[in-house]
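Just so it is clear, the values below take in all heavy atoms, side chains as well, and ignore hydrogens, waters and symmetry mates. By convention in this document, chain letters (A, B, ...) are assigned in the order of the sequence lines, proteins followed by strands, and residues within each chain are numbered from 1.
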Protein chains: 2
Amino acid sequence: MENQIIEGKEPKERILNAAASLFASKGYAAVGVREIADLAQVNVSMISYYFNGKFGILKEIILRYFQEVRQIYEQTWAKNLPPEDALRTIVSELVNLIKNKTIFCKVAITEMPFNLPEFSDFKAEVVRLHIDYIKQGLKLIELFVDDPKYGSIITPAMISLIFSHFLFGPLIKKVWSVETDDEYYDLYAKTISTLMLEGIMGIKKLIEQNNQGEQK
Amino acid sequence: MENQIIEGKEPKERILNAAASLFASKGYAAVGVREIADLAQVNVSMISYYFNGKFGILKEIILRYFQEVRQIYEQTWAKNLPPEDALRTIVSELVNLIKNKTIFCKVAITEMPFNLPEFSDFKAEVVRLHIDYIKQGLKLIELFVDDPKYGSIITPAMISLIFSHFLFGPLIKKVWSVETDDEYYDLYAKTISTLMLEGIMGIKKLIEQNNQGEQK
DNA sequence: AAATTAATCAAACGTTCGTTTAAATTTTTT
DNA sequence: AAAAAATTTAAACGAACGTTTGATTAATTT
């Protein structure tokens, strides 16, 4: 992930892209505003001018991420697909989103587990803002396995599966090198969705076996 | 994740625990040494005395994590289990490790995607140090699906599955609340390993179907 | 008990942090 | 063309950063 000088475009977009690149590489808190300004080739006070401060950049990135994800969900629901196809489509579209906007998505997802004070409030607000389609996503899982306990396990699992290559892939890269072209990401999406679906079917079977065991 | 004042024990352990708690909550870079010292009830210069500085704490945490994981792998190989049982055991043991040492494991795993300069060298060294059992872990996946492309997808997927509840669970908690007792984590381990195994079997089938398709 | 080592402490160091301020410059509007 | 608005700039602010330093205290060794 090279931190190339961000050229062209408007200063605001340059700041956003520079910051995203740096946040994805080092994490939000480890990046200073002067570093962002240098990379974006702007004056440091422009960060306050355009984004009301450093945190404003992070907010913008995360809002954009959630907006993109929302769009994918909404477009998939609009197709009225059967559950399996819906899940495959969502996974495929999400992988595509992450592939095309790796940096933005990585920033959003890697800041999720942290509870910085100012960030907590914002995170709660974003979840509230998007709660409708998050719930619809959960309902999709419930079409397969209708039990909150399993749902609460499977939903985070699905998120992390989709992101797994982008978060942990580089670490494993030390062991082998695989060409990550478009074909790879197609295979990735197919593999992840297969893993999800077959896994969920296996869990469903497990539950049914347990229920039969309990009826005897 | 409450940042309780860390009492008792030796100062060194108190610093370690305080730091781990704060790193897990906010990320390494967002935590200052004075905050750690306050929480651990020590003088700030003791961080340099005992750990040679802030980064030394992070190194210690990550080394301990990898050591624990290594132990799990080694104990599992020593049992000479069939592949399915081996995978289930590893998942179950890893989930248990993370449950019991959530904070330490979370710190280790959430810093993985970042490339802080001093951290990159250390990360590369840790991977080199543990490369033998990392490779054995990859071989376990290859017993199911013997193709580097799939292996390079499935292995990060397995890591992220195991951690999914601990990273993204709190976010989903806004939607529903589930009692996370010991029974929950047993179910979690069983669900994750089932999802993995059934998913891998599904991918295996997919590959075989593709190979049959290519032979015609 | 005295000497040595280890642990703890307060203060300081040099640097960096994000934000603010007011002036200068550029762009847009009248 | 002049006025207003927007953008950019350099400098400064107050705070925080991680580490170092040397003194003090406590623990261990002789």
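When DNA chain C is scanned in the 5' to 3' direction for atoms under 4.0 Å from non-hydrogen atoms of chain B, the outermost contacting nucleotides are dA6(C) to dA12(C). Along DNA chain D, the stretch of nucleotides lying under 4.0 Å from any heavy atom of chain B spans, 5' to 3', dC17(D) to dT21(D).
For the segment residues 51-62 of chain A, the set of residues with a heavy atom within less than 4.0 Å of an atom of DNA chain D is empty.
For the atom pair CD1 of I15(B) and CZ of F51(B), the computed distance is 5.5 Å after rounding to the nearest 0.5 Å. Here OG1 of T89(B) is found 5.5 Å from NZ of K79(B). Values are rounded to the nearest 0.5 Å. Atom-to-atom distance recorded for I154(A):CD1 and E142(A):CD is 10.0 Å, nearest 0.5 angstrom. Here the CG atom belonging to L94(B) is positioned 11.5 Å from the CD1 atom belonging to I192(B), to the nearest 0.5 angstrom.
Using a cutoff of 4.0 Å between basic side-chain nitrogens and carboxylate oxygens, K26(A) and E35(A) are scored as salt-bridged.
Judged purely by distance below 3.5 Å, without hydrogens or angles, the side chains of Y133(B) and T76(B) never pair a donor atom with an acceptor atom. Checking S164(B) against Y188(B) by side-chain atom types alone, a donor-acceptor pair falls below 3.5 Å. For the residue pair S152(A) and Y184(B), a side-chain donor N or O sits within less than 3.5 Å of a side-chain acceptor on the partner.
Along DNA chain C, the nucleotide nearest K12(B) and the nucleotide nearest R34(B) are compared for position; the residue whose nucleotide lies closer to the 5' end is K12(B).
Taking the six-membered ring for Trp and the full ring otherwise, the centers of F23(A) and F104(A) sit at least 6.0 Å from each other.
A donor-acceptor pair is defined here as one N or O able to donate and one able to accept, closer than 3.5 Å; such a pair exists between the side chain of S160(B) and the backbone of P156(B).
Residue-level contact check: M46(A) touches the bases, meaning some heavy atom is under 4.0 Å from a base atom.
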